[in-house]
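Every heavy atom of this structure was used, including side-chain atoms; hydrogens, water molecules and symmetry mates were not. All values reported here derive from a predicted model rather than from experimental measurement.
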Amino acid sequence: MKRFTAFFLCAALVFGLAGCKGTDSGKGAAPATGAETGAASGGTEAGESQGEPVTITFMNWGMAEDTTIPAFEAMIAAFNESHPNIRVESIAEAYNSYLDQTLILNASKEMPDCLQVHNSMFSAMVSAGALADINSLIADDVRADFYDNLMDSLNYDGRQFGLPWAPSSEVLYCNMELLKQAGYDNTPSTMAEMRDMAAAVAALGTDENGNTIYGLGLQTKAMDSSGFYFLPYLWNYGGEMCDEQGNITINSQESIDAFNFVKGLVADGITPVGQEIKDLRNMFANNQVAFIVDTAFGYAAVQNMAEDKAAFDIHTQLSAIPSDTDKPVNFFIAHNLAVSEQSEHKEEAYTFIEWLSSAEAVELYNTYSANIMPSRTSVEGLAYYSEPGNEYTQVYIEELPKARALPEKYSGFKASMLDIANALQRIIINNEDTAAVVADLETQLKTDYVK
């Protein structure tokens with residue numbers, strides 16, 4: 001059910017929220033927003049009253065989740081206070097039903113003015129004609145402020161359908177206590193080195209409670225996310241699911257080698273079978289696995305699962321996902337922002353979504369929630385990222401501009417990732433011939449990964 005929420009806070013409270021400013025990033029002043037340049041407001045400066053404010057609706061899942069409601073309330077209240085000519089109303093929708101509900105609203109001509117869009121949902125919304133091309137609304141200095149790889153992931157044949165927001169690269173979580181027990185005091189720099197270190201940790205056997213200790217946690221449950229968590233290993237061996245034109249290219253020796261790498265991890269007892277990310281987070285938090293790959297969003301979740309949080313912070317170290325090549329093998333995910341094609345207030349909607357990516361908004365988000373990474377270089381210098389206890393965020397910030405986009409610009413991305421996960425299961429559980437499974441996978445992907 002849609003829930004419309006308008007935010008009216010007393011002036012003193014909202015002034016305090018709106019007054020929270022980001023620190024200088026050391027890279028010069030932050031670019032002017034579209035509202036300040038007139039690019040997104042027809043020349044009207046933010047804060048200039050023009051009679052009755054224009055009301056826009058913002059559909060999101062943040063207001064449907066207890067952990068992020070305070071942050072979204074604060075951000076919307078601050079924007080409404082600093083932009084009296086625009087009034088934002090929130091439409092909350094649960095994440096699990098979000099894509100389906102958006103497509104229903106689009107078909108029934110009831111779309112909100114702007115919306116939050118996970119990158120895994122983006123291609124379906126573009127294919128449905130739900131999102132507006134915002135190229136003409138983005139000022140040149142603002143465009144240059146965003147990370148190129150994040151912006152490019154939302155650009156379809158020259159049409160810019162959104163702005164990146166709350167992104168996170170994938171990095172390697174390292175349990176330094178288990179590594180110390182196995183004779184290491186470093187993090188791995190290559191995939192081959194990581195395998196050797198993981199094998200040494202697995203050789204420790206069991207912990208004091210009889211739990212099996214694993215070296216590397218790799219998601220292998222039959223679900224779509226297992227497919228994209230396999231991609232760093234595929235890319236490390238030089239394999240690709242598809243080329244830049246979307247043609248399926250997975251049936252290669254490089255891909256076979258990547259699948260055999262995972263098959264060997266399972267055969268040697270280095271990685272558990274049938275786990276999903278929440279299982280691996282729990283195992284890592286409680287010293288049952290030395291390495292997992294996870295996002296910035298996952299850090300607090302893993303930390304909260306630890307029986308001894310202080311010890312967790314001491315023995316947890318983050319590093320780049322190791323690679324045997326000179327090419328990046330990590331990927332990013334993001335909770336992007338878009339303007340609806342059906343909106344009658346595209347300029348005002350754009351002004352709001354651009355503001356949400358600013359230092360002021362991201363600082364509010366991190367004040368009321370946590371671990372939201374920047375999508376713009378002007379936001380990197382926020383004090384939050386260097387505060388005691390948050391130093392680990394620097395690894396994400398360093399890796400984010402180098403991270404690859406998932407191959408999600410065509411419909412069928414989620415189905416394709418499930419195809420990869422099912423292929424993994426056939427190889428590591430059913431022990432089927434890897435080359436035959438990869439050949440079958442290519443055939444299936446050509447059906448499911450629709451251009």
Picking from Leu131, Val339, Asn336, what satisfies side-chain contact (heavy atoms from CB on, under 4.5 Å) with Leu115?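 Among Leu131, Val339, Asn336, the one that satisfies the side-chain contact (heavy atoms from CB on, under 4.5 Å) with Leu115 is Leu131.
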Single hit among Phe161, Phe122, Trp165 for side-chain contact (heavy atoms from CB on, under 4.5 Å) with Val117: Phe122
Specify whether Tyr392 and Tyr299 have parallel, tilted or perpendicular ring planes, treating 30° as the upper limit for parallel and 60° as the lower limit for perpendicular.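 Because their plane-to-plane angle is under 30°, the rings of Tyr392 and Tyr299 count as parallel.
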Can you classify the ring geometry of Tyr233 versus Phe261 as parallel (below 30°), tilted (30 to 60°) or perpendicular (above 60°)? parallel
Looking at side-chain heavy atoms only, is the closest gap between [X] and [Y] below 4.5 Å?
X: Ser120; Y: Leu406; answer: no
X: Phe331; Y: Trp235; answer: yes
X: Asn175; Y: Gln317; answer: no
X: Phe230; Y: Val262; answer: yes
X: Val142; Y: Arg376; answer: yes
X: Ile256; Y: Tyr237; answer: no

Counting only heavy atoms not in [X], do more than 12 sit closer than 6.0 Å to its [atom1] atom?
X: Asn430; atom1: CG; value: yes
X: Lys409; atom1: NZ; value: yes
X: Lys309; atom1: NZ; value: yes
X: Asn209; atom1: CG; value: yes

Ser255 side chain to Ile250 main-chain N or O, any donor-acceptor pair under 3.5 Å?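 Such a contact is found between Ser255 side chain and Ile250 backbone.
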If you apply the rule salt bridge (charged side-chain N to carboxylate O under 4.0 Å, His left out), what do you find for Glu177 with Lys180, and how did you get there? CA-CA 5 Å; Glu177 176 58 33; Lys180 180 180 179 181; 5.3 Å; no
Tyr365/His335 aromatic ring centres below 6.0 Å: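 Ring centroids of Tyr365 and His335 are no less than 6.0 Å from each other.
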Determine the sole option in Phe58, Phe352, Phe72 for which the ring-ring contact (aromatic ring centres under 6.0 Å, His included) test with Phe79 is passed.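 With Phe79 as partner, ring-ring contact (aromatic ring centres under 6.0 Å, His included) holds for just one option, Phe352.
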